[in-house]
Amino acid sequence: SHEKDEGLHYKFKGLNLLRVEGYSDASLGDRPGTGDSQFGFDVGIEGCCATEFKVGWTLYAYTSTFETELHSLSEMTRSIVYTRDFLLELGGPDGIHQSGPSVGKCDNMSAVRHGTDRISSSKARSIRLRDFYCTQMREAGAVRFEWVAGNDNRADMYTKQLPADTLEKHSRAARDA
C-alpha cells in the first residue's frame with residue numbers, strides 16, 4: 001500500500017508556482033557534404049535556472065527551414081513536458097505546481113503556427129508523425145507556442161555564429177532563465 005507521504009518531495013522556500021519555458025532554433029543544411037541541419041534548444045525554470053540544453057544534427061536532410069525548425073520545436077517540447085512533469089512529481093499534491101501551460105518560443109512563424117493550429121494532413125505530408133507531438137501537447141494544455149524575434153531568441157547561440165555582445169546577451173539569458 002502507498003502512504004500519502006511516501007516518495008521524494010521538494011519545496012522551494014516560499015515559492016511553489018513555477019513556469020517552465022523553452023527557446024528553440026534550427027538552421028537548414030549546415031553540415032557540408034550531407035545536407036544535415038543543426039538544431040538547438042534550451043529549457044529552464046523562469047527566473048531560476050536552465051534545466052536542459054541540446055545542440056545536435058538532424059539524422060537526415062530536410063528540404064525546408066520550416067521542417068528543421070519544427071524538428072527543434074518538437075525536441076524542445078519533449079524536454080518542456082518532461083521537466084514540467086518531473087517538477088510536479090517532486091512537489092507532490094501540495095508542493096510545486098504550474099498555472100497554465102508552459103511556453104515554447106521559436107523564431108519561425110510557420111513552426112509556431114504548426115504547433116498552435118491543427119494542420120490538415122494534405123498540407124503536411126512531408127512532416128514526420130513525431131513532429132505532431134507539439135500539436136498534441138498544446139491540445140493537452142501542457143505547452144503553448146509563441147513567436148520570438150530572432151534577436152531575442154536565446155537558442156540562436158546554438159545554431160549560428162553570433163557577435164560577441166549578442167552571444168553574451170543570450171548566454172546571460174539562458175543562465176538566468
Side-chain angles (χ1 to χ4, degrees), residues 12 15 17-31 36-59 62 64-88 96-117 119 127-128 130-177:
F12 288 91
L15 175 68
L17 178 62
L18 300 176
R19 172 124 2 246
V20 177
E21 67 177 1
Y23 288 78
S24 78
D25 194 34
S27 56
L28 179 64
D30 279 349
R31 183 178 269 177
D36 294 348
S37 300
Q38 190 172 18
F39 71 96
F41 70 85
D42 68 44
V43 171
I45 303 168
E46 185 179 44
C48 182
C49 62
T51 58
E52 180 182 5
F53 74 92
K54 182 176 182 179
V55 179
W57 295 99
T58 59
L59 299 177
Y62 281 110
S64 71
T65 302
F66 162 69
E67 290 174 315
T68 60
E69 293 280 357
L70 188 57
H71 177 96
S72 186
L73 195 70
S74 179
E75 293 292 320
M76 178 200 63
T77 301
R78 291 175 200 281
S79 180
I80 284 175
V81 171
Y82 173 82
T83 301
R84 177 185 168 109
D85 290 349
F86 180 72
L87 290 171
L88 293 173
I96 301 168
H97 66 280
Q98 178 169 326
S99 175
S102 297
V103 178
K105 298 181 181 183
C106 177
D107 61 6
N108 183 283
M109 185 55 82
S110 294
V112 170
R113 193 170 295 124
H114 175 77
T116 303
D117 302 327
I119 297 175
I127 299 171
R128 293 176 34 143
R130 70 176 201 79
D131 294 326
F132 282 98
Y133 183 73
C134 300
T135 305
Q136 292 171 338
M137 291 300 100
R138 183 203 45 87
E139 289 175 351
V143 66
R144 69 181 164 83
F145 301 101
E146 295 179 357
W147 177 82
V148 62
N151 297 356
D152 297 325
N153 187 356
R154 67 185 190 218
D156 266 6
M157 68 181 169
Y158 305 127
T159 60
K160 57 188 68 76
Q161 293 181 347
L162 298 172
D165 60 330
T166 305
L167 179 60
E168 175 61 29
K169 172 184 148 185
H170 291 326
S171 297
R172 192 172 31 258
R175 181 187 68 227
D176 297 339

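One-based numbering along the sequence shown.
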[atom1] of [X] to [atom2] of [Y]: how many Å apart, nearest 0.5 Å?
{"X": "Glu69", "Y": "Thr159", "atom1": "CD", "atom2": "OG1", "result": "7.5 Å"}
{"X": "Phe66", "Y": "Met109", "atom1": "CZ", "atom2": "CE", "result": "13.0 Å"}
{"X": "Ser27", "Y": "Trp57", "atom1": "OG", "atom2": "CH2", "result": "6.5 Å"}
{"X": "Leu73", "Y": "Ser110", "atom1": "CG", "atom2": "OG", "result": "11.5 Å"}

If the condition is ring-ring contact (aromatic ring centres under 6.0 Å, His included), which residues does Tyr158 pass it with, not counting sequence neighbours? Phe53
Kindly write out the residues that satisfy side chain to side chain donor-acceptor pair (under 3.5 Å) with [X], not counting sequence neighbours, or none if the list is empty.
{"X": "Thr58", "value": "none"}
{"X": "Asn108", "value": "none"}
{"X": "Thr51", "value": "none"}
{"X": "Ser102", "value": "Arg84, Gln98"}

With a cut-off of under 6.0 Å to the ring centre and 45° to the axis, is Arg78 in cation-pi contact with Tyr133? yes
What are the two closest heavy atoms between [X] and [Y], and how far apart are they?
{"X": "Leu28", "Y": "Ser37", "answer": "CA-OG, 3.4 Å"}
{"X": "Ile80", "Y": "Val103", "answer": "CD1-O, 3.8 Å"}
{"X": "Gly104", "Y": "Met76", "answer": "CA-CE, 3.5 Å"}
{"X": "Leu70", "Y": "Cys134", "answer": "CD1-SG, 4.4 Å"}
{"X": "Lys105", "Y": "Glu21", "answer": "NZ-OE1, 4.0 Å"}
{"X": "Asn151", "Y": "His170", "answer": "O-CE1, 3.1 Å"}

Please check this pair: side chain of Ser74 against backbone of His71, looking for a donor-acceptor N/O pair closer than 3.5 Å. no
I'd like to know if the side chain of Asn153 and the backbone of Ser24 have a donor-acceptor N/O pair within less than 3.5 Å. yes
Report the residues that fulfil side-chain contact (heavy atoms from CB on, under 4.5 Å) with Glu168, sequence neighbours left out, ordered by chain and then residue number. Arg172
With Lys54, which residues qualify under side-chain contact (heavy atoms from CB on, under 4.5 Å), at least two apart? Phe39, Phe41, Glu75
Is there side-chain contact between Asp25 and Met157, with heavy atoms separated by less than 4.5 Å? no
Are the side chains of Asp156 and Asp107 in touch, meaning some heavy atoms are under 4.5 Å apart? yes
Quick one: list whatever passes salt bridge (Lys or Arg N to Asp or Glu O under 4.0 Å) with Asp36, sequence neighbours left out. Arg31
Does Asp152 have any salt bridge (Lys or Arg N to Asp or Glu O under 4.0 Å) partners at least two apart in sequence or in another chain, and if so, which? Lys169
